[in-house]
Amino acid sequence: MLPELDKYAPYIFSAYGIAIAVLAGVVIWTVLRSINAKKKLDALEAAESKEPAKGGQT
Amino acid sequence: MDALSAFSNPHKFMAVSKPFAWGFTGLGIVIVIWGVYQGLYVAPPDYQQGDAAKIMFVHVPSSWLALFIYVFMAGASFISFVWRSPLADICAKSCAPIGAAFTFLCLITGSIWGKPMWGTWWEWTDPRIVSVLIMFFFYLGYMAIWNVMETQQKAARAAAILCLVGAINLPIIHYSVNWWNSLHQVSSFMNDKSTTTSEYKWPMYITFSLGYLALFGGLTLLNMRAEVYKRRAEMLMQRKMVFG
């Protein structure tokens, strides 16, 4: 349910809408960046830990 | 001392920062949602500005955070430049996108409030508006330097210098309303002579400030952790390229 506001309602909804969009965007971007960076490092470390075993077989 | 040690050593930082990063981010989200609800549904209209005063609840704290984050970033840049602390440049770099977001929010919500109250979206002769826009460009320039320099060391030095040069703008932003004629009112913090009568004004400013501050803390720590992961990954890849 939308709040009852005076004649400035379009300005207020725009300001709050943009604020929520900007903050949500920063949160999502940061969280995804953090998760992806961790995944990439884990994959590289896993690949590196397998390498000595692979080298031993040859 | 343990906390200081943790924030100067990347290994200790990674060990202790995780709960703070997620905790502050979650807390910030909850406080901001609460603030939006209070601002839109509970706070009464101002006797002069009507409901347009509700825009100030998101605008004023975002301007405080934009300035605070720049001061924080300049401090980290100074430490990075003088002592070459590895975590200090990671910290300054991690603050920049969040500071830029709050500065953008400050400019856009101020513009939206300005149209019904001042009759204009933008006023180039207003020193406060223009000096905040310059700070926004410093944030963007700072981030651009990190993306264009060849090495992290060069980027850290150049970005730190740019950030410290941009810090000259901070007192101009703060005192611009006293030094020149401005559409903005003089600072009413601690000396409230503003016209609004809403008893919700300061509680709302404090609520949004705490929410923004918690978000800044949490997101900066998450960004710093991502940067440490990224640098470790780059180091592993370089080692692989050299040793096969």
Side-chain angles (χ1 to χ4, degrees), chain A, chain B residues 21-22 25 28-29 32-33 36-37 39-42 45 49-59 62 94 97-98 100-102 104-105 108-117 208 211-212 215 218-237 239-240:
Chain A
M1 194 181 76
L2 288 173
E4 288 177 21
L5 300 169
D6 59 16
K7 59 180 177 175
Y8 301 119
Y11 298 101
I12 299 159
F13 286 130
S14 304
Y16 276 73
I18 290 170
I20 290 165
V22 168
L23 293 176
V26 176
V27 169
I28 291 165
W29 175 77
T30 308
V31 168
L32 287 180
R33 182 172 181 258
S34 178
I35 290 169
N36 289 338
K38 176 84 169 81
K39 269 186 190 169
K40 191 178 175 185
L41 178 64
D42 286 346
L44 281 167
E45 283 176 342
E48 199 185 52
S49 65
K50 280 179 189 170
E51 271 176 11
K54 193 179 167 187
Q57 284 172 355
T58 52
Chain B
W22 291 106
T25 303
I29 291 169
V32 169
I33 290 171
V36 167
Y37 169 73
L40 287 178
Y41 289 90
V42 181
Q49 298 181 22
D51 281 326
K54 292 168 187 254
I55 299 172
M56 288 288 106
F57 302 155
V58 287
H59 169 73
S62 68
S94 303
I98 301 152
F102 278 113
F104 175 75
L105 200 57
I108 202 87
T109 53
S111 179
I112 292 170
W113 179 86
K115 181 60 181 169
M117 292 295 114
F208 272 102
Y212 289 172
L215 273 181
L219 296 177
T220 299
L221 288 173
L222 279 177
N223 253 339
M224 287 176 73
R225 292 176 62 80
E227 187 65 24
V228 172
Y229 289 140
K230 189 182 151 208
R231 290 186 184 193
R232 280 185 189 167
E234 282 170 1
M235 208 170 65
L236 279 178
M237 285 194 290
R239 201 164 66 186
K240 204 171 180 180

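Residue numbers begin at 1 in each chain, while the letters A, B, ... track the order of the sequences.
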Measure the CD1-OG distance between I108(B) and S14(A) for me, rounded to the nearest 0.5 Å.
9.5 Å

Gap between atom OH of Y229(B) and atom CD of E45(A) - 0.5 Å precision:
9.5 Å

Shortest non-hydrogen separation from A226(B) to A37(A) and the atoms involved:
O-CB, 3.6 Å

Find the distance between OH (Y41(B)) and CG (L2(A)) and round it off to the nearest 0.5 Å.
6.0 Å

For I112(B) and F13(A), what are the C-alpha separation, side-chain angles and deciding distance, and is it a side chain to side chain contact (heavy atoms under 4.5 Å, CB included)?
CA-CA 10 Å; I112(B) 292 170; F13(A) 286 130; over 6 Å; no

Can you confirm whether L41(A) sits close enough to L236(B) that some side-chain heavy atom of one is under 4.5 Å from a side-chain heavy atom of the other?
yes

For E234(B), is it the side chain, the backbone, both, or neither that has a heavy atom closer than 4.5 Å to a heavy atom of chain A?
neither

Is any side-chain heavy atom of K40(A) closer than 4.5 Å to a side-chain heavy atom of K230(B)?
no

Spatial distance of atom CZ (R232(B)) from atom CG (D42(A)) [nearest 0.5 Å]:
10.5 Å

Quick one: what part of I33(B) sits under 4.5 Å from any heavy atom of chain A, side chain, backbone, both or neither?
neither

Interface residue of largest heavy-atom contact number with chain A, from H59(B), K115(B), K54(B), under 4.5 Å:
K54(B)

If I take atom CG from residue L44(A) and atom CE from residue M235(B), how far apart are they, to the nearest 0.5 angstrom?
11.0 Å

Is it the side chain or the backbone of V22(A) that comes within 4.5 Å of chain B heavy atoms, both, or neither?
side chain

Take T109(B) and I18(A), measure what side chain to side chain contact (heavy atoms under 4.5 Å, CB included) needs, and give me the verdict at the end.
CA-CA 8 Å; T109(B) 53; I18(A) 290 170; 5.6 Å; no

Contacting region of V32(B) [heavy-atom separation from chain A under 4.5 Å]:
side chain

The test is side chain to side chain contact (heavy atoms under 4.5 Å, CB included); show your working for Y8(A) and M117(B) and say whether it passes.
CA-CA 10 Å; Y8(A) 301 119; M117(B) 292 295 114; 3.6 Å; yes

To the nearest 0.5 Å, what is the distance between OG1 on T30(A) and CG on L221(B)?
11.5 Å

Exercise: identify the closest heavy-atom pair between L5(A) and D51(B)
CA-OD2, 3.2 Å

Does any heavy atom of chain B fall under 4.5 Å from the side chain of I20(A), the backbone, both, or neither of them?
side chain

Measure the shortest side-chain to side-chain distance between W22(B) and V31(A) over non-hydrogen atoms and say whether it is less than 4.5 angstrom.
yes

Shortest non-hydrogen separation from L40(B) to P3(A) and the atoms involved:
O-CB, 3.3 Å

Could you tell me which portion of E4(A) (side chain, backbone, both or neither) has an atom closer than 4.5 angstrom to a non-hydrogen atom of chain B?
backbone

With a 4.5 angstrom heavy-atom cut-off, could you sort out which part of Y16(A) is near chain B: side chain, backbone, both or neither?
side chain

Is it the backbone or the side chain of L222(B) that comes under 4.5 Å from a heavy atom of chain A, or both, or neither?
both

